[in-house]
Amino acid sequence: MIDRESPVPIYYQIEEYIKQLIETEALNPGDAIPSEREFTEQFKVSRMTVRQAITNLVNEGYLFRQKGKGTYVSKQKIEQTLQGLTGFTEDMKKRGMKPDSKILDFKLIPADLKVAKQLYINEHDPIYEIKRIRLADDLPMALEMSYLPANLIKGLTEEIVNSSLYEYIEDNLQLKIDYATQEIESSLSHEDEAKLLDIPKNVPILLIQRQTFLDNGQPFELVKSKYRGDRYKFVIDMKRR
Ligand code: GLP
């Protein structure tokens with residue numbers, strides 16, 4: 001399995017081997033992986049090399065260590081493609097997962113100047129401010145703060161935002177969601193966010209900001225989402241020229 005002639009470093013080959021065990025479900029979330037000593041004997045490599053491979057997989061979120069016990073397979077991350085404009089509910093349904101929301105805040109407030117500008121409305125025009133925890137199969141995945149102009153996205157209720165905003169906008173209001181601009185950056189979980197997302201504080205999370213438009217060019221939402229870094233990765237296919 002290990003190709004010593006290959007220019008690919010041996011620790012990397014071991015990483016790929018372990019990843020394959022996870023992908024083929026020979027190892028499942030929660031399973032202990034073989035010990036460093038076992039790998040050392042299996043591959044006839046130094047313990048350092050094995051440790052390097054395992055540490056890399058821990059850092060990438062494939063494995064986690066438990067002090068004094070061993071190293072285990074993590075729940076694998078949700079792969080979210082960056083192509084196409086989709087909503088949380090449809091994304092989770094497509095994966096066969098159960099989407100859910102917990103509403104932390106739902107109010108009608110006057111827009112401040114900054115938000116008003118981004119939504120192409122006047123300062124003090126009414127907007128909905130919605131804060132939700134988004135869950136998949138009952139596990140918190142993201143915290144989401146949305147602003148929507150109330151004169152455009154009419155009749156929102158807590159019940160609606162408890163399920164899908166995008167479904168309501170398209171199916172009930174018959175508006176056409178068209179495109180969005182989105183920024184992704186890294187951040188650290190603050191104490192209150194950590195509690196809500198059920199993660200430790202000060203661990204990496206993904207901060208995603210989206211401004212979404214209808215087909216007439218009118219923005220209808222500003223969203224600031226904080227996704228769990230241990231449960232999400234974003235994927236995009238790229239082609240040269
Ligand atoms: C994702 C996006 C949000 C969007 C939401 C709509 O979570 N990051 O910008 O508002 O989907 O999802 P739903 O239709 O489930 O309310």
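Since this is a predicted model, take the numbers as computed values, not measurements. Numbering of ligands and ligand atoms starts at 1, following listing order.
Look at Ser225 and you'll find a heavy atom under 4.0 Å from some atom of ligand 1. Residue-ligand proximity: Arg134 is placed with a non-hydrogen atom under 4.0 Å from ligand 1.
Judged by distance alone, the side chains of Arg47 and Thr40 never bring a donor and an acceptor atom under 3.5 Å apart. Gln52 and Thr49 are not linked by any side-chain donor-acceptor pair at a separation below 3.5 angstrom, with hydrogens and angles left out of the test. Thr157 and Glu159 form no side-chain donor-acceptor contact under 3.5 Å, judged by distance and modelled atom types alone. Donor-acceptor pairing under 3.5 Å is lacking for the side chains of Ser146 and Glu221.
Residue Val223 places no N or O, backbone or side chain, under 3.5 Å from any N or O of ligand 1. Between Tyr166 and ligand 1, at least one N/O pair is under 3.5 Å apart.
In this structure, atom 10 (O) of ligand 1 lies nearest to the protein heavy atom Glu221 OE1, 2.8 Å. Ranking protein heavy atoms by distance to atom 2 (C) of ligand 1, first place goes to Arg210 NH1, 3.5 Å. Of the protein's heavy atoms, Phe88 N, 3.5 Å lies nearest to atom 1 (C) of ligand 1. Regarding atom 3 (C) of ligand 1, its nearest protein heavy-atom neighbour is Glu144 OE2, 3.7 Å.
Taking all atoms of both residues into account, the shortest heavy-atom contact from Phe234 to Leu82 is CD2-CD2, 3.7 Å.
Evaluated by nearest non-hydrogen atom to atom 16 (O) of ligand 1, the leading choice among Leu165, Val161, Ile169 is Leu165.
Side-chain N or O atoms of Ser189 include one that pairs as donor or acceptor with a backbone N or O of Val203 at under 3.5 Å. Proximity of a side-chain donor or acceptor of Asp171 to a complementary backbone N or O of Tyr168 within less than 3.5 Å is not detected.
With salt bridges taken as basic N to acidic carboxylate O contacts below 4.0 Å, one links Arg37 and Glu41. By the 4.0 Å N-to-carboxylate-O rule, Asp91 lies too far from Lys93 to be salt-bridged with it. In this structure, Lys77 does not pair ionically with Asp230, as no charged nitrogen and carboxylate oxygen lie closer than 4.0 Å.
Residue-ligand proximity, Thr89 to ligand 1, at heavy-atom distances under 4.0 Å covers atoms 13 (P), 15 (O). Near Gly87, meaning under 4.0 Å from any of its heavy atoms, are these atoms of ligand 1: 6 (C), 11 (O), 12 (O). Ligand-side atoms of ligand 1 in range of Tyr227: 7 (O), 8 (N), range being under 4.0 angstrom from any heavy atom.
The side chain of Arg132, and not its backbone, has at least one atom closer than 4.0 Å to an atom of ligand 1 (non-hydrogen atoms only; side chain from C-beta on). Residue contacts with ligand 1 for Phe220 are absent, since no atom lies close enough (heavy atoms, distance under 4.0 Å). Residue contacts with ligand 1, taken as heavy atom pairs separated by less than 4.0 Å, involve Ser164 via backbone and side-chain atoms alike.
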